[in-house]
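Step one of this worksheet: look at the structure below.
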There are 2 protein chains.
Amino acid sequence: MFQKVLIAEDADLASSGVRKALEELEIPKIEYSQYCDEAFIKFKNAIRIEEPFDLLISDLSFVGNPNTQRLHSGDELVKEVKSLDPTLKTILFSIEDRPFKVKQLCNDLALNGYVWKSNDALKDLKKAISLIKDDNFFISPQLAHVLRSKESFEITSFDIFLLQHLAEGLEQKEISEELKKKGIKPSSTSSVEKRLKLLKENFNASNPTQLVAITKDFGLI
Amino acid sequence: MFQKVLIAEDADLASSGVRKALEELEIPKIEYSQYCDEAFIKFKNAIRIEEPFDLLISDLSFVGNPNTQRLHSGDELVKEVKSLDPTLKTILFSIEDRPFKVKQLCNDLALNGYVWKSNDALKDLKKAISLIKDDNFFISPQLAHVLRSKESFEITSFDIFLLQHLAEGLEQKEISEELKKKGIKPSSTSSVEKRLKLLKENFNASNPTQLVAITKDFGLI
DNA sequence: ACTTACTCTACGGCTACCCGTAGGGTTTTG
DNA sequence: CAAAACCCTACGGGTAGCCGTAGAGTAAGT
């Protein structure tokens with residue numbers, strides 16, 4: 001079992017819950033940071049005194065932190081600590097459930113576990129820890145589907161085409177006509193509708209307006 | 001009349017038209033740059049040899065320029081040259097017709113003239129030059145309304161509220177309910193509709209989706 | 001060649017958006 | 001005080017988006 005675990009979590013409610021779960025697992029050394037920068041410093045010091053952490057459990061979004069912080073989110077923290085110690089096990093602990101984002105995080109950060117802050121968050125967290133110590137990967141069951149390649153959602157140039165024209169104010173029928181004009185294969189208004197529906201589901205958008213807002217934030221358009 | 005005029009314009013079609021107009025006004029020295037950086041260097045050199053320009057006519061958007069350019073658009077160029085020579089007269093010559101943007105440019109840059117690239121662009125440009133030499137301000141008549149304070153469009157916190165909730169996927173009826181919940185005065189769906197209509201007109205958006213895309217680009221939300 | 005599976009397309013009912021109109025309330029003007 | 005102007009609100013008809021369904025076309029497997 002893990003000997004020394006670092007928690008990075010800004011919400012006290014969440015961090016106390018995580019701490020309790022870890023105590024129940026009889027993990028001897030548990031440390032906690034409210035800010036990413038602080039967590040990173042603790043991590044570096046632990047290496048320096050040759051008592052390194054063997055597990056990091058980090059939140060994703062840290063809100064209301066002072067602007068002076070260098071690291072603003074859990075993914076940045078994970079990236080930094082893994083570059084210092086590639087053998088470190090990491091669990092991301094977040095409310096984020098957008099398939100696109102979850103998949104991106106799991107792949108880009110080479111996480112060992114992704115625990116979704118659902119109603120069963122602590123149960124999932126305990127399960128994750130016991131699996132990860134044997135080098136297995138864990139993801140909360142409600143999100144497991146996003147990693148199955150069959151269901152996984154790839155953003156295509158077709159999607160970008162739709163989103164860009166949507167952002168330019170074209171309506172679905174007009175986008176369909178544009179597709180026909182350019183000789184792009186699926187071109188019916190029905191196909192445009194269907195693909196936009198998938199995009200909305202994938203980005204948790206309830207209508208095209210929100211979809212454009214979200215994908216603009218993602219930098220897709 | 002002006003003695004030495006600098007044109008900054010990337011489209012040869014446009015710059016040759018401007019040059020012709022200036023020749024018809026019997027302006028002795030006319031110089032031309034295709035890039036903002038080049039224009040700025042010409043401007044500095046002219047000051048150095050004590051033969052400064054007394055008028056700058058600049059396009060707004062310079063497309064397809066090499067990335068190496070420091071200045072990317074006409075407004076940046078105007079800002080730079082005015083900081084070197086505050087007495088310089090400047091005319092912005094652009095296709096930009098969005099009221100919000102036009103007003104912002106005229107005010108922030110302290111322009112002497114704004115000529116809209118309409119069908120009467122050269123006629124307007126000549127008129128602008130003759131007015132400006134007597135320290136008057138000129139704006140193309142089709143855009144004059146955007147500066148009249150009575151008609152001018154101010155972005156209020158109410159607008160930001162609407163745009164943010166629109167970007168979050170709420171529909172008009174739901175936004176109306178949010179307004180009622182927060183006790184904000186105009187709260188009917190009809191009022192929401194009407195204000196959104198004005199916003200769309202102001203930003204040249206044809207539907208809420210495009211409106212969100214545009215205002216996101218503006219950095220409003 | 002037939003079946004199966006998948007994709008693209010077409011259609012119809014429902015809802016949200018869009019736009020003009022009109023009525024009620026407050027403020028401004030004469 | 002009354003008239004006018006203005007703003008907020010309510011309503012109704014037309015249009016675009018939304019969703020399920022169903023049919024046509026294509027590709028792969030038996």
Side-chain angles (χ1 to χ4, degrees), chain A residues 145 148-216 221, chain B residues 145 148-159 161-215 221:
Chain A
H145 68 93
R148 282 197 283 274
S149 62
K150 194 172 181 179
E151 302 182 30
S152 89
F153 194 86
E154 299 290 338
I155 304 296
T156 66
S157 59
F158 184 76
D159 298 320
I160 305 298
F161 185 92
L162 297 184
L163 292 169
Q164 282 174 342
H165 285 77
L166 215 55
E168 287 168 11
L170 273 68
E171 52 196 51
Q172 299 182 352
K173 198 188 295 179
E174 292 171 327
I175 295 176
S176 163
E177 288 161 7
E178 279 296 310
L179 288 166
K180 281 169 187 156
K181 205 180 292 176
K182 301 228 174 200
I184 299 174
K185 272 199 315 187
S187 64
S188 70
T189 56
S190 195
S191 293
V192 173
E193 280 181 10
K194 286 213 168 24
R195 190 66 192 175
L196 285 177
K197 183 186 172 178
L198 283 181
L199 284 167
K200 280 182 289 178
E201 286 172 1
N202 194 254
F203 287 103
N204 283 5
S206 55
N207 55 39
T209 301
Q210 191 184 10
L211 179 62
V212 164
I214 292 170
T215 51
K216 264 188 133 22
I221 53 175
Chain B
H145 68 95
R148 282 198 283 272
S149 62
K150 193 171 182 181
E151 301 181 29
S152 89
F153 195 86
E154 300 290 339
I155 304 295
T156 66
S157 60
F158 184 77
D159 297 321
F161 185 94
L162 296 184
L163 292 170
Q164 282 174 341
H165 285 76
L166 216 54
E168 287 167 12
L170 272 69
E171 53 196 49
Q172 299 182 351
K173 198 187 293 178
E174 292 172 328
I175 295 176
S176 164
E177 288 161 6
E178 277 297 308
L179 287 165
K180 280 169 186 155
K181 204 180 292 176
K182 302 229 173 199
I184 300 175
K185 274 198 313 185
S187 64
S188 69
T189 56
S190 197
S191 293
V192 173
E193 282 180 9
K194 285 213 167 25
R195 191 64 191 175
L196 284 178
K197 183 185 171 177
L198 284 180
L199 284 167
K200 281 181 287 179
E201 286 172 0
N202 195 254
F203 286 103
N204 284 3
S206 56
N207 55 42
T209 300
Q210 192 184 11
L211 179 63
V212 164
I214 292 170
T215 51
I221 52 176

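Each chain gets a letter, A, B and so on, in the order its sequence line appears, and its residues count up from 1.
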OP1 or OP2 of [N] less than 4.0 angstrom from a side-chain nitrogen or oxygen of [X], does that happen here?
| X | N | answer |
| --- | --- | --- |
| B/S190 | D/dC8 | no |
| A/K200 | D/dG17 | no |
| B/K173 | C/dT15 | no |
| A/K197 | D/dG20 | yes |

Closest to side chain of [X], choosing from [options]:
| X | options | answer |
| --- | --- | --- |
| A/E171 | C/dC18, C/dT9, D/dA16 | D/dA16 |
| A/S188 | D/dA10, C/dG20, C/dA10 | C/dA10 |
| A/S191 | D/dC19, C/dT9, D/dG17 | C/dT9 |

Between [N] ([atom2]) and [X] ([atom1]): distance, integer Å:
| X | N | atom1 | atom2 | answer |
| --- | --- | --- | --- | --- |
| B/R195 | D/dC8 | CZ | C1' | 14 Å |
| B/L162 | C/dC17 | CG | C1' | 15 Å |
| B/L198 | D/dC8 | CG | P | 11 Å |
| A/Q172 | C/dT15 | CD | C1' | 14 Å |
| A/I184 | C/dC8 | CD1 | P | 13 Å |
| B/L196 | C/dC18 | CG | P | 8 Å |
| B/K194 | D/dA10 | NZ | C1' | 10 Å |
| A/E177 | C/dT9 | CD | C1' | 15 Å |

Between the base of C/dC17 and the side chain of B/E193, is there any donor-acceptor pair under 3.5 Å?
-> no
For DNA chain D, whose closest nucleotide is more 5', that of B/K180 or that of A/L170?
-> B/K180
Heavy atoms of B/I214 and B/N204 approach each other most closely as CD1-O, 4.2 Å
Check every strand shown and say whether B/S187 touches a base, only sugar-phosphate, or nothing at a heavy-atom separation below 4.0 Å.
-> sugar-phosphate
Donor-acceptor under 3.5 Å (A/T189 side chain, A/S176 main chain) | no
Could you please spell out the steps behind the salt bridge (Lys or Arg N to Asp or Glu O under 4.0 Å) verdict for B/E177 and B/K180?
-> CA-CA 5 Å; B/E177 288 161 6; B/K180 280 169 186 155; over 6 Å; no
Report yes or no: do A/T209 and B/T209 form a side-chain donor-acceptor pair below 3.5 Å?
-> yes
So do the side chains of A/D159 and A/T215 get within less than 4.5 Å of each other, counting heavy atoms only?
-> no
